[in-house]
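Here's the structure we're looking at; comments come further down.
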Amino acid sequence: SFDFASVTELAAHNTDPNTIYAATRRGVKVTNDGGQTWQPGLVTAAEFLDVEVAIDGSVYASTANGIFYSVDGSPGSFTQMTSAAIAFGGGAGRIEIALSPSDVNYIYAVFSNQGGLVRYKGIYRSIDKGETWELILPGWSGTTPPAYNIFNEQANYAMSIAVDPQNKNRIIIGGLDLWEFEYGVGIEPISYWATWEASDYYVHADHHEILFDESTPGRIYFGHDGGVSRSDDNG
């Protein structure tokens, strides 16, 4: 159907593999039978861009201008918990969410602006399950990029973020290349696309997904324009 003409993210429940959430152009869809049938978890005219399931079974989903929350992901239970204008200081072109697999209170959100040159506007962190937010990595200031120009003015296209299951203060961010950030330590690049492909640091450009393998510490998968890459030493 038209509702499924654009699916930007899928997220599976962490204990029930038959329960899956889809972020679509017409809201959040949910299936409890492995995709045989779908129900509207949240009906809206806004296009949803991300959906994530927390370790307690709660569900977070984002549009360009806010984050929605459901305590259990059941149909009709989603409410808007965060406005980009209020929490992040302006409207957004895209918001991506990352939830800590070790602490349900830790949430990260990266967002970009709307229209024109699509610029990264900042990464925020909440340690109280989204009640309050702290800017931890500022974005562009006017026409000046930060020293860590992660997204190279294409944040609405290639934007990914994930939290280390072993360290809730460490995240990996994917844009043109991959970067790691640890709260209180700093940020540094961990891949480079414009280098010899046999290099240990080469990963294809434009990152869309980062998945830590929670059953194998140190193993991470990266989905990008060139396919899928894997690291076995934590990036």
Side-chain angles (χ1 to χ4, degrees), residues 6-11 23-25 46-52 60-68 82-99 107-126 130 133-164 170-183 186-194 203-212 220-229 235:
S6 174
V7 178
T8 53
E9 189 74 39
L10 292 170
T24 79
R25 68 170 64 208
E47 181 175 10
F48 273 74
L49 305 170
D50 193 14
V51 61
E52 304 289 341
Y60 295 81
S62 66
T63 65
N65 289 303
I67 298 174
F68 290 73
T82 298
S83 161
I86 295 173
F88 307 142
R94 181 176 177 184
I95 298 173
E96 285 289 309
I97 309 162
L99 308 177
I107 308 170
Y108 294 81
V110 55
F111 83 104
S112 65
N113 68 329
Q114 306 180 68
L117 293 176
V118 181
R119 293 169 174 161
Y120 151 69
K121 298 298 290 182
I123 296 177
Y124 285 76
R125 184 178 81 159
S126 172
W133 296 85
E134 174 191 4
L135 177 63
I136 59 173
L137 279 174
W140 284 62
S141 176
T143 58
T144 304
Y148 43 88
N149 189 14
I150 302 168
F151 303 102
N152 195 40
E153 298 183 30
Q154 57 176 14
N156 280 8
Y157 173 68
M159 176 189 280
S160 53
I161 183 171
V163 187
D164 189 334
R170 178 178 181 257
I171 56 175
I172 293 182
I173 313 122
L176 180 66
D177 288 304
L178 294 165
W179 297 69
E180 70 172 347
F181 171 80
E182 185 170 354
Y183 191 87
I187 184 169
E188 64 178 357
I190 57 173
S191 77
Y192 186 49
W193 72 273
V203 185
H204 198 285
D206 299 336
H207 289 265
H208 306 287
E209 190 67 72
I210 302 169
L211 291 173
F212 283 86
I220 316 170
Y221 295 92
F222 304 95
H224 45 67
D225 276 9
V228 178
S229 297

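This one's a predicted model, so the numbers in the text were calculated from it and none came from an experiment. The figures here come from the full heavy-atom set of this structure, side chains too, leaving out hydrogens, waters and symmetry mates.
Listed for the D50 side chain is no donor-acceptor partner under 3.5 Å among the backbone atoms of A61. A side-chain donor-acceptor contact under 3.5 Å links S62 to the backbone of I95. For the pair R94 (side chain) and M159 (backbone), a donor-acceptor distance under 3.5 Å is present.
What you find for W133 and A109 is that their closest heavy atoms are CZ3-CB, 3.8 Å. Between G93 and A64, the shortest heavy-atom distance links the atoms O-CB, 3.7 Å. In terms of heavy atoms, S112 sits closest to A155 at CB-CB, 3.5 Å. In this structure, Q154 and L176 approach most closely via the heavy-atom pair NE2-CD1, 4.2 Å. Taking both residues in full, the closest heavy atoms of P138 and Y148 are given as O-OH, 2.8 Å, listed atom of the first, atom of the second, then distance. For L178 against S191, the heavy-atom pair with the smallest separation is N-OG, 2.9 Å.
The one candidate from I187, I161, D164 that meets the side-chain contact (heavy atoms from CB on, under 4.5 Å) condition with I171 is I161. Looking at E180, E182, E188 one by one, the single match for salt bridge (charged side-chain N to carboxylate O under 4.0 Å, His left out) with R170 turns out to be E180. Screening N152, D206, D225 against Y157 for a side chain to side chain donor-acceptor pair (under 3.5 Å) leaves a single residue, D225.
Expressed to the nearest 0.5 Å, how far CD1 of I67 lies from CD of E96 amounts to 10.5 Å. With values rounded to the nearest 0.5 angstrom, R119 atom CZ is found 8.5 Å from T144 atom OG1. Distance check: T24 OG1 to E9 CD gives 12.5 Å after rounding to the nearest 0.5 Å. Between the CD1 atom of I123 and the CH2 atom of W179 there is a distance of 11.0 Å, given to the nearest 0.5 Å. Note that the CG atom of D177 and the CD1 atom of I190 stand 10.0 Å from one another [nearest 0.5 Å].
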- Mind running side chain to side chain contact (heavy atoms under 4.5 Å, CB included) on I172 and F212 for me, showing each step along the way? CA-CA 10 Å; I172 293 182; F212 283 86; 3.9 Å; yes
- Task: Check step by step if side chain to side chain contact (heavy atoms under 4.5 Å, CB included) holds for F181 and I173.
- Result: CA-CA 8 Å; F181 171 80; I173 313 122; 4.1 Å; yes
- Message: Using the rule given for side chain to side chain contact (heavy atoms under 4.5 Å, CB included), can you reason through H208 versus S160, listing the C-alpha separation, both sets of side-chain angles and the distance that settles it, and then say yes or no?
- Response: CA-CA 5 Å; H208 306 287; S160 53; 5.7 Å; no
- Task: Check the pair V228, F222 against side chain to side chain contact (heavy atoms under 4.5 Å, CB included), reporting the backbone distance first and the verdict last.
- Result: CA-CA 5 Å; V228 178; F222 304 95; over 6 Å; no
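Contact of the F111 side chain with the I97 side chain is not registered, since no non-hydrogen atoms from C-beta on lie closer than 4.5 Å. No side-chain heavy atom of V110 sits less than 4.5 Å from a side-chain heavy atom of Y124. Under the 4.5 Å side-chain criterion, counting only non-hydrogen atoms from C-beta, H204 is not in contact with W193. A 4.5 Å side-chain heavy-atom check between Y60 and V51 finds every atom pair outside the cut-off.
Shown here is Y192, whose OH atom has no more than 12 heavy atoms of other residues, nucleotides or ligands within 6.0 Å.
For E47 and T63, the side-chain atoms include no donor-acceptor pair closer than 3.5 Å. A side-chain donor-acceptor contact under 3.5 Å links S229 and H224.
Both the sub-6.0 Å distance and the 45° axial angle are satisfied by R125 relative to the ring of Y183.
Classification of the Y120-F151 ring pair by plane angle, with boundaries at 30° and 60°, yields tilted.
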